[in-house]
Structure formats: C-alpha cells, structure tokens
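What's counted below: heavy atoms across the whole structure, side chains too, no hydrogens, waters or symmetry copies. Numbering of residues begins at 1 and proceeds along the displayed sequence.
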Amino acid sequence: MYEAAKVIYEKVIPHVVDFLQTHGEHARFQFTGHSLGGSIAVLVSLMLLIRNVVRCSMVEPVVIFGSPFVLCGGRKLLDELTLDDAQIYNVIMHGDIVPRGFSCNIPGFLISILKLFKRSLHSHPCLNENKFMYSPLGELLILQPNAKSSPGHPLLPPGTAFYALDTTGCKDTSNAAINGFLNSPHPFDPKAYGDDGTVSLNHDSSSYLKAIKGVLRLHITATIVPKLREKKSLCHHLRIHGSMKEIQNQQIRFYDIKDGVCILARVGINI
C-alpha cells in the first residue's frame, strides 16, 4: 500500500505545488477514498505533512469509506504532527470485512505461515504483541443501514444510524470495544464471500452511498422539517395577528436550520 501511495504522491505533488503558489496561505487540501483508495488517501496526506510540503492547518480531515488500516503504531505520527484523532474519519459499514482484514485477531498458526513467507514479519510489533497487523487510526464512525438492506450488527442497537465510539472513558475498555467490533464479523468467516456474501452486500461504494442517504433522510425528517414547519407557522402568525409597528420591538426566536442553534433577532433585521 505504501508503494502505491508513493506513486500517487509523485502524481499529486505538482498539483499541490501549483495550488500553493496560486492560493498561498488560503490553500486547503482534503483527501478521501473508498476501500484501498481510502488507505492511500491517509498515507498521501501524512506524507505531505511529514515531508513539510504543506502545514497541518492546510489539510482538512481525511474521510475514508470501508478502508483497511495500514499503520502499526500510527498514533505516534499524529502526536509528532500535533494532530488528534479527528484528522482521520473512518466510516465503516457495520458488516464490512475489508476494514477488518488487517486488524482482526489472527490465529497463531496463520501468523507462523505468514512469517515463513515474509521475514520482516518476525519483528512486526503489532503482529507479535497484539496478534493483528495494523491498528486503527483516527475516529471510527460505524454506519448501519436499515435491516432490509443488511441485517443489523449484534453489538449495535437496531435501526439506521451513524455510531461513534465514546473514548472518554477507560482506554482499556475503548480498546476492547474496538477489538470486539473489528472481530465481528471476522474476515475468515466463509459466509462473507461469494455473490451473496457480506463483501458484496456491505463493501460496495453503492452500499455506502445508499446507507448514508438513509441516515441523512432520517436526520432531515426528525430535525430540519419540524423546525421549518415551526418557523413557517410563526411567520404566518405574525402576518395575521400583528402589524409591523406592533412587533418590530419584540424579540422573535428563529432556529438556524444548519446546526440547530437558536438565534434571537429583531423583526426587520436581516438574519
């Protein structure tokens, strides 16, 4: 994956330099990708930062979908760059085994076989200490579609939603929760493969798009539509029951549709 990222980096770097020369301090970059493309997006963004091509303030959070983790101890890189986990958002479908491929628990007999084929794995810290190859890096956002599209995950409440792991508590508890999720379903489950397997069902980019649309649809129905109706009803009430002279000194409450923050404004002033 790193070899692929180096090729992409060489193709990207001329465009990055041109953009920096054109926009200077206002230049901003953001990387995204699905599956292996997301893994490369993480590596390329970190390469630009580590090689001091761009400053941290110029790189927006990387957002990846269904991508395998490709770093062992990558948290040290973020610490050296003074970045937190919010620099990388890993969107993982609840049953997608591709992000789990390198980060699930690997049986001892398979570790022995892997080491026979690749000598460098003899000193691989994640493999030797934790029995997996690469550790999760960044924020984990678990995407669960409706049950008609794919059966729900046993560790999650039923229904369409985005779930984020609360890491404010005990670190060991958080690590155990991540490990439990990444091993259920386990990539070695034979039912995951084939035309009807969970790979086709939960990993395709079209499945991610469909599930995200479902979450957005629920959010709009539950939050934005009621606020629009309330605002419309309030404006109608003002037109019917009060003249502008009577209400222009009254404070009227409106709701910002974007983030739900209440805004107090006087009638006649643009909002």
Side-chain angles (χ1 to χ4, degrees), residues 1-2 4-5 8 29-50 56 59-79 81 83-106 126 130 132-145 150 152-153 155-156 160-169 171 173-187 192 198-199 201-216:
M1 195 60 60
Y2 179 55
I8 299 297
F29 302 91
Q30 186 164 34
F31 298 87
T32 186
H34 170 258
S35 193
L36 302 183
S39 302
I40 292 175
V42 171
L43 292 173
V44 170
S45 66
L46 291 175
M47 290 164 70
L48 288 171
L49 294 172
I50 292 170
C56 292
V59 180
E60 301 290 340
V62 181
V63 183
I64 58 178
F65 302 86
S67 301
F69 302 105
V70 290
L71 291 168
C72 175
R75 177 69 255 178
K76 295 179 181 178
L77 287 178
L78 294 186
D79 289 341
L81 295 168
L83 297 172
D84 57 23
D85 284 340
Q87 184 62 26
I88 302 172
Y89 287 104
N90 302 280
V91 180
I92 300 176
M93 189 81 82
H94 68 323
D96 189 352
I97 66 169
V98 174
R100 297 166 161 88
F102 299 133
S103 303
C104 65
N105 293 336
I106 302 176
C126 284
N130 302 306
F132 56 73
M133 295 188 70
Y134 301 114
S135 55
L137 182 64
E139 297 277 359
L140 295 185
L141 298 176
I142 303 168
L143 177 61
Q144 181 165 265
S150 179
H153 194 282
L155 299 179
L156 298 175
T160 305
F162 259 126
Y163 295 96
L165 181 68
D166 182 3
T167 58
T168 58
K171 183 178 181 180
T173 301
S174 299
N175 290 337
I178 293 174
N179 186 62
F181 174 73
L182 292 178
N183 283 278
S184 176
H186 198 283
T198 55
V199 172
L201 188 63
N202 294 314
H203 181 64
D204 287 350
S205 56
S206 59
S207 298
Y208 274 85
L209 181 60
K210 182 179 179 181
I212 290 172
K213 284 182 177 179
V215 173
L216 290 175

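For Tyr208, the side-chain hydrogen bond (donor to acceptor under 3.5 Å, both in side chains) test picks out Asp96, with sequence neighbours left out. Every residue two or more places apart in sequence or in another chain that forms a side chain to side chain contact (heavy atoms under 4.5 Å, CB included) with Ala161 is listed here: Tyr163. Residues meeting the disulfide bond (SG atoms under 2.5 Å apart) test with Cys72, sequence neighbours left out: Cys126. The ring pair (Phe, Tyr, Trp, His ring centres under 6.0 Å) test applied to Tyr89 returns no partner, not counting sequence neighbours. Partners of Asn179 by side-chain hydrogen bond (donor to acceptor under 3.5 Å, both in side chains), not counting sequence neighbours, listed by chain and number: Asn183. Legend: residues meeting side-chain hydrogen bond (donor to acceptor under 3.5 Å, both in side chains) with Ser135, ordered by chain and number and at least two apart, are absent.
Here the side chain of Arg100 pairs no donor or acceptor atom with the backbone of His186 at under 3.5 angstrom. Between the Asn130 side chain and the Phe132 main chain, no donor and acceptor come within less than 3.5 Å of each other. Panel note: side chain Ser39, backbone Pro68; a donor-acceptor pair is recorded below 3.5 Å. Looking only at distances, no side-chain donor or acceptor of Ser207 sits under 3.5 Å from a matching main-chain atom of Asn202.
Using a 4.5 Å heavy-atom cutoff, the side chains of Gln87 and Cys56 are not in contact. Under the 4.5 Å side-chain criterion, counting only non-hydrogen atoms from C-beta, Gln30 is not in contact with Ser45. Residues His203 and Ile97 form no side-chain contact, since every pair of their non-hydrogen atoms from C-beta on lies 4.5 Å or further apart. Side-chain contact between Met93 and Pro145 is present, with at least one heavy-atom pair separated by less than 4.5 Å. Side-chain atoms of Leu81 and Leu46, non-hydrogen and from C-beta on, do get closer than 4.5 Å to each other. Leu182 is listed as a side-chain neighbour of Pro136, based on a closest heavy-atom distance under 4.5 Å. Residues Leu48 and Val59 form no side-chain contact, since every pair of their non-hydrogen atoms from C-beta on lies 4.5 Å or further apart. In this structure, His34 and Asp204 have side chains that are not in contact, with every pair of non-hydrogen atoms separated by 4.5 Å or more.
Taking every heavy atom of both residues into account, Ser67 and Gly33 meet most closely at OG-O, 4.0 Å. When all heavy atoms are compared, the tightest approach of Pro185 to Gly95 is CG-O, 3.9 Å. Shown here for Gly214 and Thr160, the closest heavy-atom pair between the two residues is C-CG2, 4.0 Å. Taking both residues in full, the closest heavy atoms of Pro99 and Ile92 are given as CG-CG2, 3.9 Å, listed atom of the first, atom of the second, then distance.
We find the CG-NZ distance between Leu143 and Lys210 to be 12.5 Å, quoted to the nearest 0.5 Å. With rounding to the nearest 0.5 angstrom, the CD atom of Glu139 is 7.5 Å from the CG atom of Asp84.
Ring to ring, Phe69 and Tyr134 are not that close: their centroids are 6.0 angstrom or more apart.
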### Query
Would Leu155 and His94 satisfy side-chain contact (heavy atoms from CB on, under 4.5 Å), going step by step from the backbone distance to the final call?
CA-CA 9 Å; Leu155 299 179; His94 68 323; over 6 Å; no

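Partner Phe65 forms a side chain to side chain contact (heavy atoms under 4.5 Å, CB included) with one of Leu141, Leu209, Asn90, Ile212 and no other, that one being Ile212. When each of Val70, Ile88, Leu77 is checked for a side chain to side chain contact (heavy atoms under 4.5 Å, CB included) with Leu137, only Ile88 meets the rule.
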